[in-house]
Amino acid sequence: MTTFPLPAISSQIEHRLASAVREGLSSRPKRLPPWLFYDEAGSRLFDEITERPEYYLTRTERGILAAHGERIIALAAQAAADRPARNDPARLRITELGAGSADKTRLLLAAAVARQGTVVYEPVDVSASALDAARERIEREIAGVTVFPRVMDYSHQFELAPTSDRRLVLYIGSSIGNFDPWQAAELLRCIRSGLEPGDGFLLGVDLVKDEPTLLAAYDDVAGVTADFNLNLLTRLNRELGANFDLDSFEHRAIWNAPESRIEMHLESRIAQRVWLNGLDLGVEFEAGETIHTENSYKYRPGQAEAMLAAAGFAPVETWTDAQGWFSVCLGRVA
Ligand code: AVJ
C-alpha cells in the first residue's frame with residue numbers, strides 16, 4: 001500500500017516506470033533500463049556530460065556534421081543514381097528520433113535551409129515537454145525551420161503522417177548503442193517499415209577505441225557521469241517512495257570487450273535492504289552487488305553499414321573523424 005501521495009506524473013509513464021523497476025530489481029543480476037535516466041535533472045546532467053572533456057562523442061560527431069552537413073543534405077535530397085527517372089532533387093523534411101536538446105541537428109537544419117529555403121523539422125520523442133522546449137528554441141533561433149513535434153515511442157511504433165516531401169530520418173548521438181544487437185536490428189527494421197522508397201536514414205555510432213579513452217568518457221573526473229547514474233536512485237526515491245541511501249551506492253563503468261560495450265552499474269558498498277514504498281517491494285543487496293543501468297555498444301568500422309543493409313537500407317556514404325572515433329552513415333530506402 002502506498003501510504004503517501006505520489007507526485008503527479010502521466011499515468012502511462014508512471015505505470016511503465018513501476019513495472020520496469022519491479023521487474024529489473026527482482027531480476028538477477030539486478031538491472032534498470034536506461035530510459036529511466038532522463039527525468040528533468042537527468043536530462044540536464046546528460047547535457048552537462050556532453051560538455052565534459054572526456055566525453056568525446058558529442059563534439060566528435062558535431063565535427064563530422066559540421067564538415068559534411070551540406071553533402072549529407074545534398075545526398076539525402078537526391079534519389080538513387082541508378083534510378084535516373086527519379087533523380088530530381090526532392091524537398092527534404094528532417095525527422096529526428098530521440099531529439100533531446102537537438103544541438104547537433106542545427107547544422108543539418110541550417111544546411112537544408114541553405115539548400116531549399118525552408119525545412120520542416122519533426123522531432124520525435126516520448127517527452128512532450130522536451131519537444132515543446134525544442135520547438136520554441138529552434139523556431140526562434142533558425143529562420144526557415146518549421147517544427148512539427150511528434151510525441152511517440154519510436155521503439156514500439158513508428159508511424160508518420162504521409163508527406164510529398166522526402167524524409168531524412170536522423171538517429172544520431174550513438175543512441176542506438178543502448179540497444180542489444182537483436183533489439184537494434186528490430187528497431188531499424190521498424191523504422192524502415194515506416195519510410196518510403198527514396199527516404200534517407202542517418203545513423204551515428206560510436207566506434208571501438210582504446211579502453212582508457214572509452215572508460216574515461218563514462219567516468220569523468222568531475223563526477224558528472226556518476227551523478228547522472230546515481231540520479232536514477234534519486235528518481236526512484238521521489239517517484240516510487242524508495243529509500244535508497246545515495247552514499248551507499250557507487251558509480252561503476254566497465255568495458256565488456258567480448259560484448260563490445262561499456263556497462264554502467266550502481267554498486268552497493270554494503271549489504272543492505274532497500275524499501276520501495278510505491279511498489280510495496282523490499283530489495284536485498286549484498287556488499288558489492290550491482291544494478292546494471294546501461295549498455296553503450298561500440299561498433300567496428302563497417303558495422304553501421306551492415307546494420308543498415310540488414311534492415312533494408314542501401315548504404316550511401318559513411319563519414320568518420322580523423323581519429324576514427326565516431327562514424328556517421330547515410331542509408332537510403334531502396
Ligand atoms: C545518449 C545513450 C548515447 O551511451 O554515451 C552518456 C548516454 N551514458 N554517459 C551514451 C550516456 C553515460 C549516451 N547515449
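Nothing fancy with the numbering, it's 1 onward along the sequence. Note that ligands are numbered from 1 as they come in the structure, with each ligand's atoms numbered from 1 the same way. Predicted, not measured: the structure shown is a model, and the values here were computed from it.
Against a heavy-atom cut-off of under 4.0 Å, Tyr38 is close to the following atoms of ligand 1: 1 (C), 7 (C). Near Ser174, the atoms of ligand 1 lying under 4.0 angstrom from a non-hydrogen atom of the residue are 3 (C). Those atoms of ligand 1 with a heavy atom of Asn178 less than 4.0 angstrom away are 2 (C).
Atom 8 (N) of ligand 1 has as its closest protein heavy atom Glu294 OE1, 2.6 Å. The protein atom (non-hydrogen) at minimum distance from atom 4 (O) of ligand 1 is Ser296 OG, 2.4 Å. Protein heavy atom closest to atom 3 (C) of ligand 1, with residue, atom name and distance, is Gly173 O, 3.0 Å.
With sequence neighbours excluded, the residues forming a side-chain contact (heavy atoms from CB on, under 4.5 Å) with Ile254 are Glu263, His265, listed by chain and number.
Residue-level proximity to ligand 1 for Tyr297 is absent, since no heavy atom of it falls below 4.0 angstrom.
At a threshold of 4.5 Å between side-chain heavy atoms, the hydrophobic network of Ile, Leu, Val, Met, Phe, Trp and Tyr places Ile142 and Ile94 in one connected group. Two different hydrophobic clusters hold Trp275 and Leu281 under the rule that ILVMFWY side chains link at heavy-atom gaps under 4.5 Å.
Sorted by first and then second residue, the salt bridge (Lys or Arg N to Asp or Glu O under 4.0 Å) pairs involving residues 315-326 (not counting sequence neighbours) are Arg71-Glu317.
The option with the heavy atom closest to atom 10 (C) of ligand 1, from among Trp35, Phe46, Tyr55, is Tyr55.
Using a 4.0 Å cutoff on heavy atoms, Phe228 counts as a contact of ligand 1. Residue contact check for ligand 1: Phe179 places no non-hydrogen atom closer than 4.0 Å to it.
At under 3.5 Å, not a single nitrogen or oxygen of Ser175, backbone or side chain, sits near a nitrogen or oxygen of ligand 1.
At distances below 3.5 Å, at least one donor-acceptor pair connects side-chain atoms of Ser174 with backbone N or O atoms of Asp206. Side chain of Arg52 to backbone of Val224: no donor-acceptor contact under 3.5 angstrom is found.
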Please determine whether side chain to side chain donor-acceptor pair (under 3.5 Å) holds for the pair Arg91 and Ser164, giving the CA-CA distance in whole Å, both sets of side-chain angles, and the decisive distance to 0.1 Å. CA-CA 8 Å; Arg91 275 197 69 76; Ser164 57; over 6 Å; no
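For Phe46 and Phe37, the ring centers are positioned 6.0 Å apart or more.
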